[in-house]
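Structure record follows, encoded as structure tokens.
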Amino acid sequence: MVESPAKAKTIEKFLGKDYTVMSSYGHIRDLSKKELGIAIDDNFKPDYEISPDKKKLVESLAKSAKEAERVWLASDEDREGEAIAWHLTQVLGLPVDQTRRIVFHEITKSAIMAAIENPRTIDMNLVNAQQARRVLDRLVGFELSPVLWKKVKPSLSAGRVQSVAVRLIVEREREIMNFRSTPYYRVTARFYRTDDPAKTLFKAELDRRFDSAEEAEGFLGTCREADFRVLSSESKPAERHPAGPFTTSTLQQEAGRKLGMSVSQTMAVAQRLYENGYITYMRTDSQNLSSQAIAAAREEIIKMFGEEYSSARKYKTKSKGAQEAHEAIRPSYLNRQQIEGSPEEKRLYDLIWKRTVASQMSPARIEKTVVSIAAGESPHKFTATGEVILFDGFLRLYSETVEDETEEGQENTLPELKAGDGLSYQDISATERFTQPPFRYSEASLVRRLEELGIGRPSTYAPTISTIINRGYVIKQNKQGTKRSYRLIRLEKGKISSKELSETTGREKAKLTPTDIGMIVNDYLDKHFEEILDYNFTANVEKEFDEIAEGGKEWTNMIREFYTAFHPTVEKALEELPDRSGRERILGTDPKSGKQVSARIGRYGPIVQIGSADDEEKPRYASMKKDQLIATITLDEALALFELPRTLGELDGKEVVVSIGRYGPYIRYDGKFTSLPRKDDPYSVTLERAVELIHEKESAAKASKEPIKVFDAEPEIKVLNGRYGPYIASGGKNYRIPKDTDPATLTLEQVRDIMAKSKK
DNA sequence: CAGTGAGCGAGCTTCCGCTTGACTT
């Protein structure tokens, strides 16, 4: 019995007819879903239930176990895997003398045969470490969440992993809010050797930055008549090494950067590659490659590039708490460079293939040259750096990208330069730059940070992100960026010129930002449950789980110690009145009515209001936009929100109204709604334009209701247009049309064929 | 799904980590 059905299929091939390989599909039972599932008074005894969707599976496992001569439990060799094996023995009533526990870290015939030769019994210490982990997570999650329901808002949640993930995002946002950008001047020059008839240009940067335009201009003034010469030129050889093979988190990061895929998208595509037998298991924290894979990679490299490009290597996993039950993520067969599948599958496979092979290639050898240049009598020096690749090594196949790189790379080829050489400038520029706030997290960079902290596991990174988004704690959004002007001062042919230029700054794609509720929940938890929110909480309890796994500690004792400290903090929080401070912000006074304008959380989310509940007149309310925060919204932005809904005029005697709803800006007319395209602004859209959009929608709606195709011979069968694209409808059942076929040209035979082939 | 912003009360929400399908017009 193994955990994954795809694994079962592969192993069955290795073992032959004498064995039946079945899969448990992960855990088969868990703490009860409705209750706490832990008898706190009975020494924290867990109350396990077979998961409802596993009942049938357990029955069939039980039947097969009874018929079998011997059961081999081959769940993963980590805490969770050991627990799965133990739960199987308990639920299936497996007798100890007919049950064997085996483990392997790679799915190769030799590894499995070796495992069968070396069976052991279930390691109860490891199982108990898992029980401690499970019980602790349940206690934290099921005691903290109800506190939030009472003190903040119903249906919220808190937990050892998700609450820290939210904290990282909230704290980063506050750093950005408090950041004040300051300008400075960066001086770069283009020089050539005075005695070089070709005037070959190269770039150099001044080793000092100026705070003001005056200082920068003053320096450029001294450069006008200055005598430039090379002080020193040093060349040093260096090596660059390939990155190790993929783990779940590094795959998620690279697929995000190179292919623009979200974390959950990456995992879904990888799952398909795994099920098709193209790659090894995709949820892993190990960088280990089987010796067979290393040999196969070596063979491929020699075949493609030659012996000198091959350099076999083993990688050590650095991440905290790694349990290394699997191999790294790699192609199942390294001689398979391409695969069949969707474009996404092909691209992700290509990435995995290249990364794996590159990890077994020689380092690149480069020569780095640093040239120091004196500018007349000035104490400041220019530095020019150049890099020459002597041997490309792994770079020939793959190079890792870096997220959020600011300054453009310094690709610079240097001419021959030696100390004493006289130089002339082509131009010297002082460009105004601005200090940058810290970067917001992307999904993948959040995963990287969580992994560094040892929080969460490969199987939970993607679901954790979904949870904090679904709870409304954070949102993933793009930011347009704003225009800002900057100054460029340039010295050219002895003359200094200065001009104002403009650039876009702060543009972002798919970054995670906290919501108001995310910030309120974070602050509340941080105030009352500091220990759980501590970035080291998981690392601390992991140390204790390790002690339990080594037999040095009784698991219920560990949990008791934790709970006797933790539970009183829950009781105390429940006694205290909810703290309303920090939840409302006064923004100023409405110039029209003279009433107070404020922002707060309403029943359905963040709102701004004009006036207060104490006034005689009822306050006016408006919902805030998704990208606005109570902490940062300005008076002007708040007042703008009251300009909607806006009545544009009438069409055929009925009102045309424009506003912003849950799904963005819309036009309401005759009880129907039309979305406003991105390029139209609800604050300025005209009646004329709105009417145009309404008519467009009407004709599109008419077209989509029409069947794409009907067949006279078979009126029951129709090709229709639905929400998810064209489909075939027949006798109350719907069938999907294959991607590469044009629905308009389908014949009745083809349709019948599709219907017959579709899965039951 | 296209707004809302009152109040009451019943009934419900929630964790982390291991696995995949099933399902939607």
Side-chain angles (χ1 to χ4, degrees), chain A residues 2-8 23-31 33-38 51 53-54 57 75-76 78-84 87 130 133-150 153-163 268 271-272 274-275 281 283 323 325 455-461 463-464 467 471 532 538 600-609 613 618-623 645 657-668 671-676 704 720-729 733-736 759:
Chain A
V2 297
E3 292 181 40
S4 151
K7 201 168 165 179
S23 132
S24 73
Y25 292 77
H27 278 292
I28 52 160
R29 63 176 192 177
D30 190 16
L31 300 175
K33 240 181 153 40
K34 283 260 137 274
E35 325 266 297
L36 181 64
I38 300 161
S51 320
D53 55 334
K54 292 287 173 65
L57 171 75
S75 47
D76 299 344
D78 57 20
R79 208 160 59 197
E80 299 297 326
E82 203 67 18
I84 288 172
H87 282 302
Q130 193 274 348
R133 199 280 304 157
R134 182 68 193 90
V135 166
L136 179 124
D137 281 335
R138 172 55 69 90
L139 288 172
V140 170
F142 274 40
E143 294 217 349
L144 288 191
S145 300
V147 176
L148 294 178
W149 304 343
K150 287 201 186 78
K153 206 178 119 170
S155 303
L156 295 175
S157 65
R160 174 175 60 82
V161 173
Q162 58 168 286
S163 296
Q271 175 86 29
R272 288 202 296 275
Y274 167 67
E275 283 169 8
Y281 196 56
R283 289 184 276 263
Q323 307 196 4
I455 299 172
R457 303 279 313 134
S459 67
T460 61
Y461 295 138
T464 299
T467 299
R471 295 276 174 276
I532 310 290
T538 291
R600 66 177 173 92
I601 298 262
R603 255 172 83 182
Y604 305 98
I607 53 167
V608 285
Q609 67 179 60
K618 225 178 111 178
R620 288 173 63 207
Y621 301 98
S623 296
V657 178
V658 62
S659 190
I660 296 180
R662 251 172 94 181
Y663 301 91
Y666 65 93
I667 304 159
R668 191 176 63 220
K672 289 197 214 68
F673 297 86
T674 308
S675 291
L676 214 56
S704 72
L720 300 173
N721 225 333
R723 268 169 75 188
Y724 305 100
Y727 67 102
I728 298 164
K733 280 185 183 144
N734 299 326
Y735 305 84
R736 186 170 285 173
K759 279 183 231 159

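Residue numbers begin at 1 in each chain, while the letters A, B, ... track the order of the sequences. A quick note: this is a predicted structure, and the numbers were derived from the prediction, not measured. When reading the values below, keep in mind they use all heavy atoms of this one structure, side chains included, and skip hydrogens, waters and symmetry mates.
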Touch class at under 4.0 angstrom, heavy-atom based, for Ser4(A) against every strand present: sugar-phosphate

Reported CG-to-CZ distance for the pair Leu139(A) and Arg134(A), which is rounded to 0.5 angstrom: 9.5 Å

Under-4.0 Å side-chain N/O to phosphate OP1/OP2 contact, Ser459(A) with dG17(B): no

Residue-phosphate contact under 4.0 Å: Arg457(A) side-chain N/O, dT19(B) OP1/OP2: no

Distance below 4.0 Å between Arg668(A) side-chain N/O and dG3(B) OP1 or OP2: yes

Touch class at under 4.0 angstrom, heavy-atom based, for Gly81(A) against every strand present: nothing

Set of side-chain hydrogen bond (donor to acceptor under 3.5 Å, both in side chains) partners for Gln609(A), sequence neighbours left out: Arg600(A)

Residue list, side-chain hydrogen bond (donor to acceptor under 3.5 Å, both in side chains) with Tyr25(A), at least two apart or on another chain: none

Phosphate contact (dT25(B) OP1 or OP2) by Tyr735(A) side-chain N/O below 4.0 Å: no

Sugar-phosphate, base or nothing in reach of Gln609(A), heavy atoms under 4.0 Å: nothing

Per-nucleotide protein contact string for nucleotides 7-15 of chain B (B base, S sugar-phosphate only, - none; heavy atom under 4.0 Å): ------BBB

Between dC18(B) (C1') and Asp78(A) (CG): distance, integer Å: 9 Å

Partners meeting side-chain hydrogen bond (donor to acceptor under 3.5 Å, both in side chains) with Ser75(A) (sequence neighbours left out): Arg101(A)

For Asp78(A), side-chain contact (heavy atoms from CB on, under 4.5 Å) partners two or more places apart: Asp76(A), Glu80(A), Gln323(A), Ala325(A)

Straight-line distance of Leu144(A) CG to Ser157(A) OG, nearest 0.5 Å: 10.0 Å

Sugar-phosphate only, base, or nothing, as touched by Tyr461(A) at under 4.0 Å among non-hydrogen atoms: nothing

Rounded distance in Å - CD (Gln271(A)) to P (dT19(B)): 9 Å

Set of residues satisfying ring pair (Phe, Tyr, Trp, His ring centres under 6.0 Å) with respect to His27(A), sequence neighbours excluded: none

Results of ring pair (Phe, Tyr, Trp, His ring centres under 6.0 Å) for Tyr274(A) - residues two or more places apart only: Tyr281(A)

Out of dT4(B), dT25(B), dT19(B), whichever nucleotide has its closest atom nearest the side chain of Ser623(A): dT4(B)

Of the listed nucleotides dG17(B), dG3(B), dT20(B), the one nearest the side chain of Pro5(A): dT20(B)

Partner residues of Lys54(A) under the side-chain hydrogen bond (donor to acceptor under 3.5 Å, both in side chains) criterion, sequence neighbours left out: none

Check: dC16(B) base within 3.5 Å donor-acceptor of Arg133(A) side chain: yes

Contiguous pairing runs of three or more, Watson-Crick or G-U under 3.5 Å, that involve DNA chain B: none

Sugar-phosphate only, base, or nothing, as touched by Ile607(A) at under 4.0 Å among non-hydrogen atoms: base

